[in-house]
There are 4 protein chains.
Amino acid sequence: MINRVTLVGRLGADPEIRTLSSGAMVAKFSMATSESYKDRSGEWQEETQWHDVVVWRNLAERAQQYLTKGSLVYLDGKLTHRKWQDKEGNPRKTTEVVGAFFRILDSKRDGNDSGDTSSSAPAAGGGMESEEDLPF
Amino acid sequence: MINRVTLVGRLGADPEIRTLSSGAMVAKFSMATSESYKDRSGEWQEETQWHDVVVWRNLAERAQQYLTKGSLVYLDGKLTHRKWQDKEGNPRKTTEVVGAFFRILDSKRDGNDSGDTSSSAPAAGGGMESEEDLPF
Amino acid sequence: MINRVTLVGRLGADPEIRTLSSGAMVAKFSMATSESYKDRSGEWQEETQWHDVVVWRNLAERAQQYLTKGSLVYLDGKLTHRKWQDKEGNPRKTTEVVGAFFRILDSKRDGNDSGDTSSSAPAAGGGMESEEDLPF
Amino acid sequence: MINRVTLVGRLGADPEIRTLSSGAMVAKFSMATSESYKDRSGEWQEETQWHDVVVWRNLAERAQQYLTKGSLVYLDGKLTHRKWQDKEGNPRKTTEVVGAFFRILDSKRDGNDSGDTSSSAPAAGGGMESEEDLPF
DNA sequence: TTTT
DNA sequence: TTTT
């Protein structure tokens with residue numbers, strides 16, 4: 001069976017990092033993918049989907065180091081669904097993309113950095129491309 | 001931005017078909033993807049994810065014709081999220097894979113058909129492969 | 001940078017296996033992907049592409065064990081190009097898909113086996129799904 | 001059968017454009033994908049693959065308008081192989097990725113444009129995202 | 001060279 | 001809720 005999600009989009013906020021009692025690091029963030037299309041009346045519409053993403057261990061460390069609000073990221077992983085109960089005992093369902101690989105395509109330019117930081121992204125993102133991390 | 005989901009899995013039930021007042025046909029079904037792995041104690045575990053899938057128009061017609069409970073299907077599409085309210089007014093979120101393409105890899109063998117029905121699947125699935133339907 | 005190839009197709013022949021002096025095992029095989037389309041005159045045409053595939057180490061072992069001529073396989077990997085010289089010293093170029101993951105979708109039914117052998121494929125292919133082999 | 005290639009990489013040169021006698025436009029360009037890995041001695045190595053890409057019709061027009069040497073592009077398509085004969089009558093084989101969709105991730109910054117042009121890329125690339133062009 |  |  002195959003379960004693969006590929007996203008290219010931007011982070012809506014900095015990743016939230018947690019370290020579990022086991023020592024494993026987790027990073028969560030949400031990524032927007034936008035799509036433009038012409039509606040029936042010929043107007044351009046934009047539709048944005050926000051995806052919840054989770055990454056573990058060394059990917060989490062790299063998310064912490066390199067990803068910030070606005071980063072443009074290529075990510076692939078798998079689509080997972082979890083059921084849980086809220087405080088009122090209502091059943092809830094959460095869908096997350098569990099990332100297996102990501103790569104920064106540009107980093108968000110902040111106010112202090114007027115230049116094009118995308119040139120530094122490959123170096124940063126390059127840190128991801130050790131043999132262990134790559135699916136191939 | 002890129003938003004692509006690729007699944008190979010089995011249908012949990014026959015597709016549910018609806019025709020909207022606009023005449024557009026919709027088919028919904030859920031697909032299971034299973035993954036096996038060894039847990040810490042060395043035992044094999046299987047983890048199944050159930051994905052809600054929606055397909056429109058000619059894909060819906062083909063889903064109606066060719067897909068049944070148990071069909072093994074290759075599907076790709078995009079990941080979408082919708083918010084809505086239940087009867088109590090509680091906010092709910094639904095995640096669906098909107099299919100852009102699918103192909104039957106084998107059809108479920110039913111009781112009357114002791115033989116290998118996968119031979120008929122390519123012919124059936126073959127109906128999908130006109131130039132219009134294929135992304136390429 | 002991303003370089004990913006996804007194929008679902010059939011093997012044209014049994015894999016060829018080699019063990020290098022280093023002890024690393026390599027398997028090579030070619031996979032056909034066929035596409036049907038209507039040409040301008042409305043006739044159905046079929047176009048087949050033959051892809052050279054190479055897999056290494058445990059994937060090669062599994063290719064040897066489970067893949068045979070006619071097997072229907074899901075495979076993903078990366079697209080690679082090599083230059084070399086033939087005996088006459090002419091420059092040659094070879095393109096291969098280096099597989100990172102594969103999964104048998106059905107095995108070829110041979111003459112002795114009139115039944116549906118696809119039922120055995122998942123068990124066989126299931127051997128692939130240890131945590132180490134899966135990209136996720 | 002599935003035959004899909006996904007690349008994120010940079011153009012090695014401006015696209016070459018041709019218009020066939022039929023009026024159909026074709027654009028050809030080559031895209032580099034690089035991968036870094038540590039070799040046995042612990043040194044970082046970089047390996048670059050150059051892929052020949054062909055796009056047709058409106059994709060070719062957009063390639064002409066928006067792609068230049070150095071552009072970072074997401075592209076997907078299918079892997080094709082053609083046989084032909086060179087002038088000496090020797091058999092030759094050419095492998096090309098026939099693009100079905102592409103999207104500019106940043107455009108090459110030229111000398112006159114000291115700023116970050118990636119901000120304009122979405123607008124440019126946005127032209128691609130009409131419903132007709134997108135596989136979904 | 002596969003398969004339907 | 002599938003399948004092996």
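Computed from a predicted model, the values in this text were never measured in an experiment. Here is the naming used below: chain letters follow the sequence lines, and residue numbers restart at 1 for every chain.
In this structure, the side chains of Tyr74(B) and Leu72(B) stay at 4.5 Å or more apart for every pair of heavy atoms. A 4.5 Å side-chain heavy-atom check between Leu59(D) and Phe101(D) finds every atom pair outside the cut-off.
Scanning for side-chain hydrogen bond (donor to acceptor under 3.5 Å, both in side chains) contacts around Thr95(C) gives His81(C), with sequence neighbours left out.
Atoms NZ (Lys69(B)) and C1' (dT4(F)) sit 16 Å apart, rounded to a whole Å. The interatomic distance linking Met1(D) (CE) with dT1(E) (C1') rounds to 12 Å, in whole Å. One atom, CG of Leu72(B), and another, P of dT2(F), lie 15 Å apart when rounded to the nearest Å. When rounded to the nearest whole Å, the span between NE2 of His51(C) and C1' of dT2(E) equals 13 Å. What separates CZ of Phe29(B) from C1' of dT3(F) is a distance of 16 Å, to the nearest Å. Ile104(B) places its CD1 atom 13 Å from the C1' atom of dT4(E), with the value rounded to the nearest Å. Taking atom CG of Leu105(C) as the reference point, atom P of dT2(E) lies 19 Å away to the nearest angstrom. Rounded to whole Å, the distance from CZ on Arg10(B) to C1' on dT4(F) is 8 Å.
In the set dT2(E), dT1(E), dT1(F), the nucleotide with an atom closest to the side chain of Ser30(B) is dT1(F). Checking dT2(E), dT1(F), dT4(F) against the side-chain heavy atoms of Trp50(B) singles out dT1(F) as nearest. Checked against dT2(E), dT1(F), dT2(F), the side chain of Ala32(B) finds its nearest nucleotide in dT2(F).
Under the side chain to side chain donor-acceptor pair (under 3.5 Å) criterion, the residue pairs touching residues 15-33 of chain B are Lys28(B)-Glu96(B), with sequence neighbours excluded.
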